[in-house]
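Chain naming here is simple, since letters A, B, ... match the order of the sequence lines and numbering starts at 1 in each.
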Amino acid sequence: MEETDPADYPPTVMNGSREKSWATGLFFLLLGIIGLIGASLIKTSAFTNPLDPGPAAFPIALSLLLVLGGILTCLGGWRKQRPTSFEPSNPPQTSLRPPSGPTGRRDSIWLMLGVLLAPVFLYLVGFQLTLFLFAALLIRRLGSRWGAALLSALLMTALIHLLFVMLFKVPVPQGEWGLRLNFW
Amino acid sequence: MDFLELLRPGVLAPWILGMVFGIFVGAMPGLTATMAVALIVPFSFYLPDPAMGLALIIGVSFTAIFAGDIPATYLRIPGTPASAAATLDGHAMASQGKGGLALTIDLLCSALGGLLGVLLLMAVAPQLARFALRFSHFEYFWLALFGLAMSALVSTGSTGKGVLAAGFGMLLATVGRDIVSNTPRYTFGVSNLGDGIEFIPAMIGLFGLSEVIRLLWTGTDPGHGSGLQTQRAEWKEAFYTVWRRKWLWFRSSVLGTLIGALPGAGADIAAWGSYGAAQKLSKTPRDFGHGSTEGVVAPTSANNAAIAGAWIPALVFGIPGDAVTAIVLGALIMYNIKPGPLIFEQSAAQVNTIFAIALITQLLLIPCGYLGIRAFGWILRMPRSLVLTGVTLFSLVGAYAIRNNLFDIYVMAAFGVLGFFMDRNRIPLPPLILGLILGPMVEENLRTGLIKTEGDWLPFVTRPLSALLCVLLLLTLFSGPVWSWIKRQISTK
């Protein structure tokens, strides 16, 4: 990628790049600190070979690398006068319309909440009901009508049940209060 | 399983269904080939024979890479990063009413490029394995670090971020019981972390769930609900074109295989490298970007050949060439196929099965790819809500099904958020994955080497192969900045 002239970029874009450096730097700095704290809790066994650097050596070295790298990245963000590259680090975004703003962010948060609650529901009400509820609520949240959401969720749940439970015989949670579908 | 048994209907059916799944995911802009492989791996473990599981995984990886070329041609939107180079001339041809021809050329070149890549893999890998038998702890230590450095260097984004991502991946790999002393590390009393972070749920989170979060956050519609009119395949003219460009196809496939063999490089870099080389060597370089058939042949041959190339270091050293192969490597280990130079002796039958599967996949790619070209308009009409919900559900169930453990869903969720954060801040993912896989190799060989040498570091730099790998590592990391500094000094004088 060619270097771009900073004059081509509006100040908001350059500020965004600087903010990303700060976020990245703080991210690695925090990870490094957590790594060092965790490494301090590692107990060396009395039977360890004295020539072995020990189980904590590698984690400490990596954590120090992350702390140092995090500090340098933060300093780079502080000194940054020009962006170096605007190439995406991962697959390019393929949007045909502008970012969705607050609605999209809310959808993402609802999705993560659903994923985090899913194991609880799997334990309580079992596999099929949890998947059906999750799918129906997510499809509805993403803009479909209730009728279409419920029907689609039912079909998806049935397909997954067919594949995982009946074909692959995966033992799935039945749930404390869930449906007993062993007769299928 | 021998060659003929692979052609039984009971084996072919899940294999082809997997390839159809790969077409669907690869053709959908916003979904990636890596996601397709990550999602299909849990299914593969429940098939009655490991060869069927391998066929499923290998089939998906090749078809998803080709399928990304379909929206690249019709919509100018690559379905996967490896298809970005095919966008330029493929879409130009579609604008001239030759979309069917472009995709037929693409399909033939993908199948033939993949075929040549697999043949090179079969020829090179066993020879390299004989050489690799001379490697000991010291060489493996530097080799693993070299692989990580390469992945940091060639990943998009800054090299510094790539190095930190690799370091973070290696740190994550230390979670669980220490391989030398069995001491628990970073478990914080959680018994589920005793065996470390489960690899497949982590991959599903990084490449499946994180993509869904990103698509929701940005409001991207993976399909477009448009009434797209696709064009028919044109076999006769496509065969004639590929025959006329046979040396270009050969050169691009070999280059793609070699680039794919570099750790962290991947099919996208192979495609761009081949496109650039083809343009430089072409008699009509100005035609590139305006509907040149050379501009379609070169990247499409290279990107599928790179998938096969990535298997070379994966099988011989256990060092994956790209993210897709990293996931497949994790699956191989779960099938008790241990990569390394002895794989050709200890698991010769399984390796031959892998080679046979890879060869047959290239042939099956043609009918599956043709179906994908015909069905593309239908794929695009699928509502966003259904696609994203389907991917999320399969991610949830897939993560759970590996160990029948609800904790793995939390692992997937955590890596999903992590992958989304890293994407937003342009921190590359491949070095993280390679760090997860190669971290134990680096640590174990370092500590075992030091025990053998009674704490002496000298053999790490004085053994000839170790010294060579050490120098290569330093050149990889520092030659770019040093060269830039030298050029600046020269230009200021």
Side-chain angles (χ1 to χ4, degrees), chain A residues 20 23-24 27-28 31 35 38 42-45 48-49 51-53 55 58-59 62-63 65-66 69 73 84-85 87-97 99-100 104-105 107-108 111-112 115-116 118-119 122-123 131 134-135 138-139 142-144 152 156 160 164 168-171 173, chain B residues 29-30 32 46 77-78 80-81 84 155-158 160-161 163-164 167-168 170-171 174 178 180-181 183 185-186 209 212-213 216-221 224 383-386 388-390 392-393 396-397 401 404 406 409-410 413 417 421-423 425-429 443 447 450-451 454-455:
Chain A
K20 281 193 191 324
T24 305
F27 171 67
F28 284 119
L31 286 174
I42 297 171
K43 293 178 179 49
T44 306
S45 164
T48 303
N49 189 316
L51 299 168
D52 178 15
F58 199 61
L62 291 170
S63 302
L65 171 72
L66 292 176
T73 307
T84 54
S85 169
E87 193 176 345
S89 63
N90 284 319
Q93 294 195 13
T94 56
S95 177
L96 287 187
R97 57 176 210 251
S100 64
R105 289 175 195 161
D107 289 343
S108 312
L111 170 75
M112 283 313 301
V115 170
L116 290 172
L122 280 167
Y123 175 74
L131 287 195
F134 184 93
L138 184 58
I139 294 170
L142 295 180
S144 295
S152 304
M156 282 188 193
I160 291 174
F164 280 90
F168 296 146
K169 310 258 188 285
V170 176
Chain B
T32 63
Y46 288 94
I77 299 170
T80 67
S155 292
T156 49
S158 77
K161 285 186 189 176
V163 169
L164 292 176
F168 178 38
M170 286 198 280
L171 188 63
T174 61
D178 173 38
V180 177
S181 64
T183 310
R185 297 189 293 190
Y186 297 110
L209 191 65
V212 175
I213 298 171
L216 286 175
W217 191 274
T218 58
T220 306
D221 191 345
H224 303 285
R384 172 179 179 253
S385 56
L386 291 186
L388 296 182
T389 305
T392 308
L393 278 189
L396 255 174
V397 178
N404 306 323
L406 294 174
I409 296 178
Y410 290 119
V417 173
F421 176 84
M422 288 176 71
D423 177 73
N425 290 283
R426 294 201 297 273
I427 303 169
L429 284 180
E443 187 185 8
R447 290 167 68 183
L450 284 172
I451 291 171
E454 297 182 349

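- Minimum heavy-atom separation, Ala413(B) to Val115(A): CB-CG1, 3.7 Å.
- Note: Leu388(B) CG to Leu111(A) CG = 8.5 Å, rounded to the nearest 0.5 Å.
- Both the backbone and the side chain of Leu116(A) come within contact range of chain B, judged by heavy atoms closer than 4.5 Å.
- The minimum heavy-atom distance between Pro59(A) and Tyr186(B), with the atom names listed, is CB-OH, 3.3 Å.
- In this structure, the separation between CZ on Arg105(A) and CD1 on Ile213(B) is 14.5 Å, given to the nearest 0.5 Å.
- In this structure, Thr24(A) and Arg426(B) have side chains that are not in contact, with every pair of non-hydrogen atoms separated by 4.5 Å or more.
- Proximity of Phe58(A) to Arg447(B): side-chain heavy atoms (C-beta onward) are nowhere separated by under 4.5 Å.
- In this structure, the separation between CG on Leu396(B) and CZ on Phe134(A) is 5.0 Å, given to the nearest 0.5 Å.
- When the candidates Ser63(A), Pro171(A), Ala118(A) are compared by the number of heavy-atom contacts under 4.5 Å with chain B, Pro171(A) comes out ahead.
- Heavy-atom pairs under 4.5 Å with chain A peak, among Val397(B), Leu406(B), Thr389(B), at Thr389(B).
- Considering only heavy atoms from C-beta on, Thr73(A) comes within 4.5 Å of Leu164(B) through its side chain.
- Atoms CG and CZ, from Leu62(A) and Phe168(B) in turn, are 11.5 Å apart once rounded to the nearest 0.5 Å.
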- Task: Apply side-chain contact (heavy atoms from CB on, under 4.5 Å) to the pair Phe27(A) and Asn425(B), showing each step before the final yes or no.
- Result: CA-CA 10 Å; Phe27(A) 171 67; Asn425(B) 290 283; over 6 Å; no
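- Leu216(B) contributes atom CG, which lies 5.5 Å from atom CG of Leu142(A) (distance to the nearest 0.5 angstrom).
- The shortest side-chain heavy-atom distance between Leu171(B) and Leu31(A) does not fall under the 4.5 Å cut-off.
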- Is there a side-chain contact (heavy atoms from CB on, under 4.5 Å) between Met112(A) and Leu209(B) once you walk through the steps? CA-CA 9 Å; Met112(A) 283 313 301; Leu209(B) 191 65; 4.1 Å; yes
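- No side-chain donor-acceptor contact under 3.5 Å links Arg185(B) to the backbone of Ile42(A).
- A pairwise comparison of heavy atoms in Leu393(B) and Ala135(A) identifies CD1-CB, 3.8 Å as the closest pair.
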- Message: I'd like to know whether Ile409(B) forms a side-chain contact (heavy atoms from CB on, under 4.5 Å) with Leu122(A), so could you lay out the CA-CA distance, the side-chain angles of the two residues, the decisive distance to 0.1 Å, and finally the verdict.
- Response: CA-CA 11 Å; Ile409(B) 296 178; Leu122(A) 280 167; 3.6 Å; yes
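- When each of Gly38(A), Pro119(A), Ser144(A) is checked for heavy-atom pairs under 4.5 Å with chain B, Pro119(A) comes out on top.
- Contacts of Ile139(A) with chain B are made by both backbone and side-chain atoms, with heavy-atom separations under 4.5 Å.
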- Message: Let's go through Ile427(B) and Phe28(A) carefully: what are the C-alpha distance in whole Å and the side-chain angles of both, what is the deciding distance for side-chain contact (heavy atoms from CB on, under 4.5 Å) to 0.1 Å, and is it a yes or a no?
- Response: CA-CA 11 Å; Ile427(B) 303 169; Phe28(A) 284 119; 3.9 Å; yes
